[in-house]
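As structure tokens, the structure follows; a few thoughts come after it.
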Amino acid sequence: MSSRIVLLLLSFLSVASSSRGNGELEILLTLAENLHSSALPNPFSTWTPSSSSSPCDFDGVACNPSGSVTRIDLSGRSLSGTLNFTSLCSLPSLEMLALSFNSLSGSVPADLDRCSKLRYLDLGNNDFSGSFPDIPSLGELQYLYVNKSGFTGGFPWGSLVNMKKLVILSVGDNNFDDSPFPEEVLELMDLNWLYLSNCSIQGMIPPGVGKLTKLANLELSMNSITGEIPKEMGNLVNLWQLELYKNGLTGKFPAGMRNLTKLENFDASLNYLEGDLSELKYLTNLVSLQLYMNDFSGEIPAEFGSFQKLVNLSLYANRLTGPLPEMLGSWAEFDFIDVSENFLTGTIPPYMCQRGKMTELLVLQNKLSGNIPATYSNCTTLTRFRVSNNSLTGVVPPGIWGLPNVNIIDLDSNQLDGGVTPDIQNAKSLDQLFIANNKFSGELPVEISKARSLVAVDLSNNGFSGRLPQSIGELKQLSSLHLENNMFSGSIPESLGSCDSVSAVNMANNSLSGEMPPSLGSLPVLNSLNLSNNRLSGPIPSSLSSLRLSLLDLSNNRLTGQIPVSLSIQAYNGSFSGNPGLCSYTISSFQRCSFHLGMSKDMRKLIVCFVLLAVLLGISIGLYVCLNRRERAHERSLKEESWDMKSFQVLSFTEDEILDSIKPENLIGRGGSGNVYRVVLDNGKELAVKHIRNAADCYGQKKTQSTAPILGTRAKRSREFDSEAETLSSIRHVNVVKLYCSITSDDSSLLVYEYLPNGSLWDRLHTSRKMELDWETRYEVAVEAAKGLEYLHHGCERPVLHRDVKSSNILLDQHFKPRIADFGLAKILQNSGGKDSTHIIAGTHGYIAPEYGYTNKVNEKSDVYSFGVVLMELVTGKRPIEAEFGESKDIVSWISSMLETKNKHPELSRLKNTRGLQGGCHQSAESCNPLHWDTS
Ligand SMILES: *[C@@H]1O[C@H](CO)[C@@H](O)[C@H](O)[C@H]1NC(C)=O
Ligand SMILES: *[C@@H]1O[C@H](CO)[C@@H](O)[C@H](O)[C@H]1NC(C)=O
Ligand SMILES: *[C@@H]1O[C@H](CO)[C@@H](O)[C@H](O)[C@H]1NC(C)=O
Ligand SMILES: *[C@@H]1O[C@H](CO)[C@@H](O)[C@H](O)[C@H]1NC(C)=O
Ligand SMILES: *[C@@H]1O[C@H](CO)[C@@H](O)[C@H](O)[C@H]1NC(C)=O
Ligand SMILES: *[C@@H]1O[C@H](CO)[C@@H](O)[C@H](O)[C@H]1NC(C)=O
């Protein structure tokens, strides 16, 4: 009897337990149904639905001894899909749920509160949506991670009241509603780790924070926290890391900070803190100290020089004075110093690279003096060496020029002397060399052309002399070359013409002589050329006609002969003055050319010897006709060519109507790529027609920028045209100029656009036709134009780069609504294959993003930079380049220095504070500070 009962009981138990097991199996299998993993191996491949399988064998699952699931850990397994928490939380023994670093989506329902046994919950780093639910029943929780998981709304701080066992609370990086510092947190006495960065916390840090004495990590960065650091912070003596950067903290470090002696990482950058740093001199365990962009003053404590673990120190943009400790950085594997933009005196500490690990030395804009320590000449790990704007003297230790990993050497504006040494050939990574405004002298070593990474070189305002290296053409990455105000002599190296990336060349105020090399005309992206105040002689090479320069200055030389007709335009007014030997057909301030002046001496002899006056006349008529062909050709022959019309909209006009109107009376503008005509149709409608010629010009050079070898056969249509037509035809947006149709023939192309009566923003702001734009209008123009640009970048099937955003390419309709025009340079980006950059520099001087110049890479950001310049024009009414900004300064550096010196232009006070311009930045001055834009 009793044995029967026992048997019955046993079988009952086994049924119960197996049904429980099967229930959990079911739950997990349903869970897996809604989830996908792209990880290899796929964790779900072991999650098999056979009756013999146990969930305890599933990958990522663990059970207790009685076979019930206690842990699910699928962190970082490339999961996507949604979770059914209703079902999940019916697992009766679940203690740990770790799903971080996946792409889980959907909302997390209140059913999560049924997972009441949970001790460890990690949903961080996912793409959930909605608000995080109330979880008052999860009283056993010790670890709660929901950082960067996509939640919004209010966080249920009240639930924390029941979670007295919490050790780690990580809630940051979510777009929660604004809230004050949650008082509920202050009762979590076991808390060791509190991560509340970047989650919309406002107001003061409550003094009660001092109760959380077990805290080892406290992170409150990137919020809107104001007020002073409470003195109770000094109670948190177990802190190893304290992160307060990017808030609105004010006042001084409270007395008591000195007691945080375990602190290794401390970052309070980007606040409004003031006072001195003396409270930190006891924090001898500091590894990384970041206090940049505050208002700290006083001296850097001498004790920092004996901190044995310090490897990173960033104190830039404060008001610190006094010297840097001599032994600073000499103890540990020191990595990084940025103390730029202070008022530091004394010398550069010599031992920071003692352990051979240092990567960045940035001390620009201080009052440092003495020599550059020779200890850095074998610091081969250095990538950035920037000591500009100090009072350093003496000779640069030779090894510095040849550091193999250095990307930037910036010695600008000191009193350094000596020369650049040949070991610069070892600087294989050097892309930016800025040594202007010093007392350097001697010849430039030919070995500089072995520093093949060079992109930007500025040697201006020194005492360099001798000839320029003939091999300079080997610098294929070179984009800007500034040699002005030196004593260079000899001729301009012919090989400069093979620096295919060069966009700006300035050799003004030297003693260069000889003829200008014709090869300059083949530089495909040259944008600005200044050779003024030299002793250059001979003719202006006709090849220059094929360049599209926004700045050309050849004044005050000894040039002779004819100014090429295509260069005799308004924009180059003054470019040729001070050359008494030059003549022109069109510019009245020059002597009028008699034909022989336009030809070489040999030619002249030939003519004198062999040719009769009649023949000469014949030739000159031919030459004249040819030179004027571009302007006149259309009058003669447009109708004779055979045209092919491609329309992108329903049209109310005919090809003939357009062709008839292409005549000089209707010319309204000349763009880089062609002339623009205004056409009035019979029905009164106005159109703008851009005429682009494809044929070779008189000198046999292509007008288009295509590189020579591709043009073995005559390209029938310009690449520029094709890209414009292709791009515009796919675009429909109220803030982008409408293209009605394109009409092409073998020799030229016509683009028919809508006509915008108010011309360009440039005209309205800067020219004789400028007008008072009220703030309302300017604001509208800014916002609407931004919408147009945004559409180009994000609204089309494929992103469209404009590549020449400037105020003259923003046109205004009768209501001053802006439209973005001129996609002559636009390029549709391939969505596939990551071809997101292109290697042809385009754009207009003053609008070109600095990194564009250095890297030759363009992406949407380059357009955004250019658009920023337009905004600055719009706010200040200034042009991007004005003499008043000072030499080689543009509107960006001008505005930056304005904001920096708080010497506010009345209109600039509208740009609320300097941070607005700087965006999210951290660690290094260079990415943040607009003052560095022009150089870094
Ligand atoms: C979640 O699972 C439960 C129980 O298995 C089920 O009733 C419910 O419909 C599921 N919810 C969703 C949204 O699939
Ligand atoms: C953010 O969450 C992940 C897990 O989701 C965690 O590993 C990481 O430590 C958290 N970061 C901070 C600062 O708390
Ligand atoms: C700040 O939080 C947002 C979500 O609100 C996130 O997208 C962003 O990446 C976070 N910033 C940083 C620096 O982690
Ligand atoms: C630092 O800690 C010591 C020892 O706990 C204490 O006596 C002292 O008052 C604290 N200093 C400050 C400034 O709070
Ligand atoms: C020091 O700074 C460098 C450069 O910003 C960074 O890569 C490194 O992780 C930092 N080291 C420490 C210990 O903070
Ligand atoms: C540079 O040379 C000095 C003296 O020879 C040596 O002590 C130091 O370790 C060297 N530094 C590096 C980075 O090689």
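For ligands, and for the atoms within them, numbers begin at 1 and follow the listed sequence. We number each residue from 1, following the sequence as shown.
Between Asn265 and ligand 5, no pair of N/O atoms sits closer than 3.5 Å. Checking only distances, Asn84 does come within under 3.5 Å of ligand 1, N or O to N or O.
Heavy-atom contacts of Ser288 reach the following atoms of ligand 5: 14 (O) (cutoff under 4.0 Å). Every atom of ligand 1 is numbered from 1 in the order shown, and the set under 4.0 Å from a heavy atom of Ser87 is 2 (O), 5 (O).
Remark: Lys281 engages no residue in a salt bridge (charged side-chain N to carboxylate O under 4.0 Å, His left out) (not counting sequence neighbours).
Contact annotation for Val311 and ligand 5: only side-chain heavy atoms (C-beta onward) come within less than 4.0 Å of the ligand.
Between Lys148 and Asp173 there is no salt bridge, since none of the side-chain N atoms of the basic residue sits less than 4.0 Å from a carboxylate O of the acidic one. Salt bridge status for Asp190 with Lys214: present, with a side-chain N to carboxylate O gap under 4.0 Å. A salt bridge between Glu95 and Lys117 is absent, with no side-chain N of the basic residue lying under 4.0 Å from a carboxylate O of the acidic one. Comment: Arg386 does not engage Asp338 in a salt bridge, judged by the lack of any side-chain N to carboxylate O separation of less than 4.0 angstrom. Salt bridge absent: Lys164 and Glu187 never bring a charged side-chain N and a carboxylate O closer than 4.0 Å.
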Can you check side-chain contact (heavy atoms from CB on, under 4.5 Å) on Val387 and Asp410, steps first, answer last?
CA-CA 6 Å; Val387 301; Asp410 177 11; over 6 Å; no
Could you check Arg119 against Glu140 for salt bridge (charged side-chain N to carboxylate O under 4.0 Å, His left out), going step by step and ending with a plain yes or no?
CA-CA 5 Å; Arg119 290 195 288 119; Glu140 296 298 311; over 6 Å; no
For each nitrogen or oxygen atom of ligand 2, which protein N/O atoms lie closer than 3.5 Å, and how far apart are they, rounded to 0.1 Å?
unit_1, atom_1, unit_2, atom_2, d
ligand 2, 2 (O), Asn125, ND2, 3.3
ligand 2, 2 (O), Asn147, OD1, 2.4
ligand 2, 2 (O), Asn147, ND2, 2.6
ligand 2, 5 (O), Asp122, OD1, 2.9
ligand 2, 5 (O), Asp122, OD2, 3.4
ligand 2, 5 (O), Asn125, ND2, 3.1
ligand 2, 11 (N), Asn147, ND2, 2.9
ligand 2, 14 (O), Ser170, OG, 2.8
ligand 2, 14 (O), Trp193, NE1, 2.9

